[in-house]
Amino acid sequence: MGKIPEIKSHISYVRERQLTTVTFNNSFATLPEVFYTKQSAAPAPNPAWIATNTRLASELGIDPAFLSSDAGLAMVSGQKLPQGADPLAIVYAGHQFGGWSPRLGDGRALLLGEVAGYDIQLKGSGRTPYSRGGDGKSAVGPVIREYIVSEAMHALGVPTTRALAAVTTGESVFRETALPGAILTRVASSHVRVGTFQYFYANNDKKALLTLANYVIDRHYPDARKAENPIQALYAAIITGQAKLIALWLKFGFIHGVMNTDNCQIAGETIDYGPCAFMDDFDPMKVFSSIDQQGRYAWGRQPHMAHWNLARLGEALSPIWGTDEDAAVEGIQTTLEAFGTAFNTHFQNAFAQKLGLNTPNTAFQETTFQTMATQSVDFTLFYSHLRRLGTGDHQSQFTALFNDKAAAESWLEQWHATKSENGVAPDESQALMKAANPIYIPRNHRVENAIQAGTAGDYAPMYRLIEVLQNPFEQQKGADDYEDAPKPTEVVQQTFCGT
Ligand code: AMP
Ligand code: MG
């Protein structure tokens with residue numbers, strides 16, 4: 001294949017007008033019009049704050065005082081955008097639960113532009129040409145969920161989109177009942193998805209595919225340009241990012257719930273906190289989402305499904321691979337093989353760390369999973385008590401997690417033996433576990449509680465939860481309740497997209 005034409009001009013073409021304190025660049029808006037539709041936000045009759053993330057604002061170079069001002073509220077409710085913001089809805093396609101949808105796109109979201117290289121997007125801001133039957137709006141519940149969980153994921157060290165602000169619109173949206181309407185301001189490295197590539201692949205638009213690949217290389221993977229085959233290097237880099245990401249999801253018991261190709265982001269960030277959940281009792285086939293009847297996106301199936309999504313991406317890249325079709329197919333398959341190895345390395349290392357081992361022991365890991373599953377052990381407490389075994393009454397609390405005390409004692413014996421065999425120094429072992437085993441995760445019942453209170457206009461539980469989850473690895477005074485597994489009456493069995 002010939003040299004990929006540079007699209008640096010797109011990136012550096014900065015439509016930049018200083019206004020108050022936010023300056024938007026719009027690299028996406030400089031792409032050809034087949035990529036998006038310009039669209040403004042729906043009116044919001046009475047915008048009001050739910051939350052602002054002043055820490056993230058500072059990281060982006062946005063003046064927190066501006067963000068919290070009336071002008072900031074007008075911006076994040078889509079009512080009065082700073083000049084230079086150029087709102088648009090991006091088109092994409094995707095496989096949803098394995099079924100092909102030829103045109104999805106931002107049906108309830110608008111990209112305002114970029115600040116400090118990050119996309120600033122309003123989610124819930126009204127209809128777009130991609131809304132299909134939907135109203136383009138969000139209810140307050142999913143906005144609160146995404147705010148809490150995405151910020152918690154960030155604090156856990158998992159690549160993710162972020163939440164800059166959340167507001168109510170003053171309008172009701174109708175789901176099963178009337179609910180307060182809300183808008184989340186999402187921040188992401190970009191909003192390009194596997195489904196964005198699939199859209200142009202399905203439309204036989206080779207030119208747009210190449211433009212998109214170049215855009216992604218320039219924006220996320222500039223090293224790929226130096227490779228002999230930049231498309232292959234781009235694909236390899238995306239594969240590496242997904243392998244790392246999914247291993248982190250598993251490490252913390254996270255279940256995304258809707259790993260469709262349109263929710264698989266090219267920059268390797270977790271995106272779309274719909275029916276996501278963290279598992280309580282360990283069960284590799286655990287599913288929460290009400291729509292995932294077959295368990296397609298169960299905790300333990302996530303690596304498999306990421307691999308499937310990446311195979312779809314490979315297909316979509318085939319027309320621009322730069323070789324004849326047979327060679328492209330072979331090149332794509334060979335490149336994709338790296339996923340399994342990369343994922344396994346991250347996964348084994350992460351779970352070794354969680355046990356305070358400096359090298360993985362696959363046989364003992366297998367035993368551990370088996371024991372956790374048969375004993376219905378709470379995943380997070382298992383590891384967080386383990387890291388604190390020598391202190392307080394964590395030994396008895398650890399044992400109490402098991403159905404059967406003898407099984408706990410037998411497992412602990414094997415664990416001590418494995419650590420000796422591993423030769424890890426006690427201090428190092430402790431440090432490994434402290435860094436890998438959070439004490440606080442966004443427990444489903446806590447998130448649900450924050451959503452219910454927030455829907456009734458009381459955001460205090462949401463604020464407190466956000467505060468605790470900012471330091472998930474540090475024991476916090478007065479936060480014991482946030483550590484606890486749900487009582488039987490509090491267990492969340494199912495989550496809903498709520499869209
Ligand atoms: P999701 O399952 O949240 O990733 O969304 C899948 C597709 O449905 C995307 O194209 C969304 O933009 C669209 N969508 C979800 N909710 C709505 C809504 N309330 N109005 C319009 N489109 C929506
Ligand atoms: Mg989505």
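For reference, positions follow the sequence shown, starting with 1. As the structure lists them, so they are numbered: ligands from 1, and atoms in each ligand from 1.
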ask   = Is any N or O atom of Gly107, backbone or side chain, closer than 3.5 Å to an N or O atom of ligand 1?
value = yes

message = Around atom OH of Tyr118, are there more than 12 heavy atoms from other residues, nucleotides or ligands closer than 6.0 Å?
response = no

key: Contact check: Gln96 vs ligand 1, nitrogen or oxygen atoms, below 3.5 angstrom   = no

query = Is the shortest distance from a heavy atom of Arg175 to ligand 1 less than 4.0 Å?
reply = yes

key: Min N/O separation Gly105 to ligand 1 under 3.5 Å   = yes

request  = Take Lys123 and Asp272 through the salt bridge (Lys or Arg N to Asp or Glu O under 4.0 Å) test and state the conclusion after the steps.
outcome  = CA-CA 10 Å; Lys123 195 171 165 189; Asp272 269 11; 3.5 Å; yes

query = Would Gln232 and Thr335 count as having a side-chain donor-acceptor pair, cut-off 3.5 Å?
reply = yes

query = Any chance the side chains of Thr37 and Tyr130 put a donor and an acceptor closer than 3.5 Å?
reply = yes

query = Hey, which of Trp249, Trp299, Phe288 is the one that makes ring-ring contact (aromatic ring centres under 6.0 Å, His included) with His256?
reply = Trp249

note = Contacts of Ala57 meeting side-chain contact (heavy atoms from CB on, under 4.5 Å) (sequence neighbours excluded), chain-then-number -> Ile62, Leu67, Leu164

note = Counting only protein N, O or S atoms and ignoring waters, those under 2.8 Å from the Mg ion (ligand 2) are Asn263 OD1, Asp272 OD2

inquiry  = Looking at Arg132, I want to see if its CZ is surrounded by more than 12 non-hydrogen atoms of other residues, nucleotides or ligands under 6.0 Å.
reply    = yes

key: ligand 1 N/O within reach of Asp106 N/O, cut-off under 3.5 Å   = no

request  = Please determine if Arg108 has a nitrogen or oxygen closer than 3.5 Å to a nitrogen or oxygen of ligand 1.
outcome  = yes

task = Measure centre to centre between the rings of Phe252 and Phe278, then say whether the value is under 6.0 Å.
result = no

ask   = Can you find an N/O atom of Gly136 closer than 3.5 Å to an N/O atom of ligand 1?
value = yes

Proximity of Asn260 to ligand 1 by residue part, where a heavy atom lies under 4.0 Å = neither

Parallel, tilted or perpendicular, as decided by the 30° and 60° cut-offs, for the rings of Phe351 and Phe369 = perpendicular

request  = Measure from NZ or CZ of Lys286 to the centre of the six-membered ring of Phe282 and say whether it is under 6.0 Å with the direction within 45° of the ring axis.
outcome  = no

